[in-house]
Amino acid sequence: MSEQETTAARCAVIVGPYTSGKTTLMEALLFAAEAIPRKGSVPQGNTLGDFSPEARHRQMTVEPNVAHCDYLGDHWSFIDCPGSVELSQDRNAALMAADIAIVVAEPDPGRALTLAPIFKVLDDFNIPHILFVNKMDKTEVRVRDLLEALQAVSSKPLVLRQVPIRDGEQVSGFVDLVSERAYRYKEGAASDLIQTPEGIKEREGEARQVMLESLADFDDALLEQLLEDQIPATGDVYEQLTKDLQEDLIVPVLLGSAEAGNGITRLWKALRHETPPVEKTAARLGVPLGEDFTASVIRVYHQAHTGKMTLARVWSGAAKDGMTIGGERVSGLYHMMGSENLKITEAGLGEL
């Protein structure tokens with residue numbers, strides 16, 4: 001799998017229904033990137049996000065939470081959005097900064113309908129998105145039944161990337177359908193590579209064939225290979241997945257548990273290799289690129305001690321402390337990190 005060459009910061013916006021585990025997922029991603037020393041807990045009220053008294057009291061996200069991290073040399077911004085329908089406009093505004101959206105869902109077919117409004121917004125603005133099925137360690141639901149329910153509310157084909165490995169009713173790992181490698185979960189760490197259990201090989205083969213057929217709908221060469229019973233090269237499959245995701249033709253589906261840290265490394269790999277570069281996002285939004293400073297405002301804060309603060313995504317040029325924008329002097333530049341504002345001197349391409 002070839003890595004995208006980009007020096008620009010990228011932005012992922014985390015969305016999903018109330019109680020799906022979005023805030024816990026952002027904690028897990030930041031912890032895996034070593035941006036925070038420990039994972040916080042929503043019930044314990046010590047997460048990086050949801051820091052306001054109201055959010056802590058209600059144990060729910062009441063406004064977008066912003067965080068930054070570096071992962072394997074790439075700079076990332078995350079926005080964790082409220083899941084409550086009453087706060088959907090905050091979510092929609094945050095999505096205008098997204099190179100990619102991570103849609104978080106619970107493994108409950110009965111709650112699939114709650115994703116319909118989110119999928120519609122993503123479709124309306126052609127925002128590439130990954131579906132992360134959370135809390136897989138706490139369910140006995142068959143993935144096949146769950147996908148059928150979720151597909152009913154998604155206009156784009158859901159492409160399963162993993163099948164779970166179960167020990168009894170417990171999900172203990174997964175098989176990657178592209179690499180055909182099996183992994184066993186390790187809480188709080190990257191999964192261990194293992195031999196694919198015999199009992200899952202038939203199910204893995206069937207699921208992989210469905211994935212390839214979904215991709216073949218958008219690539220004649222791959223379709224021809226399947227019709228001739230040829231096995232596509234792994235690199236070609238990854239390349240097709242990346243292309244289809246970036247063009248918002250498919251929705252890859254990953255499995256895991258944010259609370260236990262399961263599937264987080266795999267999600268990070270997908271984000272690194274498959275997220276569209278900022279230039280592609282700017283083109284999707286119709287933002288003219290050039291050397292001049294261009295940014296879009298996502299949110300405006302009025303804070304007691306710092307006054308007016310504007311959250312913006314940089315599409316071209318650079319924002320510098322002391323520069324004048326629209327007749328107003330910039331008196332400070334910051335990266336927001338939960339409740340903290342970390343001072344910087346310049347914000348370049350893609351930065352939030």
Side-chain angles (χ1 to χ4, degrees), residues 1 105-110 112 130-154 156-187 190-242 244-245 249-257 260 262-267 269-270 273-274:
M1 178 167 57
E106 294 181 79
D108 179 359
I130 291 174
L131 180 62
F132 182 80
V133 181
N134 194 19
K135 306 180 184 181
M136 281 298 297
D137 57 335
K138 299 178 179 178
T139 182
E140 298 178 6
V141 171
R142 291 198 316 167
V143 172
R144 184 178 302 174
D145 296 336
L146 177 63
L147 276 184
E148 184 178 342
L150 292 170
Q151 185 63 76
V153 296
S154 171
K156 306 289 170 60
L158 303 182
V159 178
L160 186 66
R161 296 281 298 270
Q162 302 163 313
V163 291
I165 297 173
R166 298 181 187 267
D167 289 335
E169 298 300 332
Q170 184 77 23
V171 176
S172 59
F174 67 93
V175 179
D176 187 290
L177 294 178
V178 182
S179 67
E180 296 189 276
R181 293 176 177 175
Y183 297 87
R184 187 173 299 280
Y185 290 134
K186 288 176 63 178
E187 187 161 350
S191 304
D192 287 332
L193 181 65
I194 61 171
Q195 290 289 332
T196 303
E198 286 295 329
I200 200 175
K201 287 185 177 180
E202 182 179 351
R203 181 157 54 92
E204 181 266 334
E206 293 174 354
R208 189 173 196 272
Q209 186 66 23
V210 171
M211 177 192 71
L212 293 175
E213 289 173 358
S214 296
L215 297 179
D217 288 339
F218 306 102
D219 184 75
D220 291 341
L222 179 57
L223 177 60
E224 186 175 342
Q225 284 182 300
L226 296 182
L227 291 174
E228 295 178 356
D229 292 326
Q230 297 178 15
I231 300 176
T234 300
D236 292 342
V237 178
Y238 277 122
E239 185 177 340
Q240 189 64 37
L241 278 164
T242 300
D244 292 348
L245 170 62
L249 299 174
I250 63 169
V251 182
V253 180
L254 299 175
L255 313 174
S257 167
N262 298 341
I264 301 304
T265 300
R266 187 66 197 83
L267 176 57
K269 288 181 179 180
H273 295 291
E274 298 167 29

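All residue numbers refer to positions in the sequence shown, counting from 1. Quick note: numbers below take in every heavy atom, side chains included, and nothing from hydrogens, waters or symmetry partners.
- Distance alone, capped at 3.5 Å, places no donor-acceptor pair between the E204 side chain and the A207 backbone.
- A donor-acceptor contact shorter than 3.5 Å links the side chain of Q162 to the backbone of L255.
- The side chain to side chain donor-acceptor pair (under 3.5 Å) with D176 is formed by just one residue from the set R181, R266, K269; it is R266.
- Listed by chain and residue number, E259 satisfy the side-chain contact (heavy atoms from CB on, under 4.5 Å) test with K138 (two or more places apart in sequence, or in another chain).
- Residue-environment remark: CD (Q225) exceeds the threshold of 12 foreign heavy atoms within 6.0 Å.
- Minimum heavy-atom separation, S179 to Y238: CB-OH, 3.8 Å.
- For Q170, the side-chain contact (heavy atoms from CB on, under 4.5 Å) partners are D137, not counting sequence neighbours.
- Partners of S214 under the side-chain hydrogen bond (donor to acceptor under 3.5 Å, both in side chains) rule, at least two apart in sequence or in another chain, do not exist in this structure.
- Atom OG of S172 sits about 6.5 Å away from atom CD1 of I194, to the nearest 0.5 Å.
- Between L249 and K156, the closest side-chain pair of non-hydrogen atoms is not below 4.5 Å.
- Under the 4.5 Å side-chain criterion, counting only non-hydrogen atoms from C-beta, L212 is in contact with V237.
- Listed by chain and number, the residues in a side-chain hydrogen bond (donor to acceptor under 3.5 Å, both in side chains) with D244 are Q240 (sequence neighbours excluded).
- Residue-environment remark: CG (L227) exceeds the threshold of 12 foreign heavy atoms within 6.0 Å.
- Interatomic distance, N262 CG to L267 CG, rounded to the nearest 0.5 Å: 12.5 Å.
- Minimum interatomic distance between V153 and A112 (heavy atoms only, all atoms of both residues): CG2-O, 3.5 Å.
- To the nearest 0.5 Å, atoms CG (N134) and CG (L254) are separated by 12.0 Å.
- Side-chain contact check for V175 versus I165: some heavy-atom pair is nearer than 4.5 Å.
- Side-chain contact between V253 and V133 is present, with heavy atoms from C-beta onward closer than 4.5 Å.
- Taking both residues in full, the closest heavy atoms of T196 and K201 are given as O-CE, 3.6 Å, listed atom of the first, atom of the second, then distance.
- How far CG of L241 is from CZ of R161: 4.5 Å, rounded to the nearest 0.5 Å.
- The two residues P107 and L146 come nearest to each other via the heavy atoms CA-CD2, 3.7 Å.
- The 12-atom threshold is not exceeded at CD of Q195, counting heavy atoms of other residues, nucleotides or ligands nearer than 6.0 Å.
- Atom CD1 of I250 sits about 5.5 Å away from atom CG of L215, to the nearest 0.5 Å.
- Looking at heavy atoms from C-beta onward, Q209 lies out of side-chain contact with E206 at the 4.5 angstrom threshold.
- Listed by chain and residue number, F174 satisfy the ring-ring contact (aromatic ring centres under 6.0 Å, His included) test with Y185 (two or more places apart in sequence, or in another chain).
- Counting heavy atoms from C-beta outward, S191 and T265 have side chains that stay 4.5 Å or more apart.
- Proximity of R184 to D167: side-chain heavy atoms (C-beta onward) are separated by under 4.5 Å at one or more points.
- Applying the salt bridge (Lys or Arg N to Asp or Glu O under 4.0 Å) definition to pairs two or more places apart or across chains, those involving residues 208-231 are E180-R208.
- A distance of 7.0 Å separates CZ in R203 from CZ in R166, rounded to the nearest 0.5 Å.
- The shortest distance between side-chain heavy atoms of T139 and D108 does not fall below 4.5 Å.
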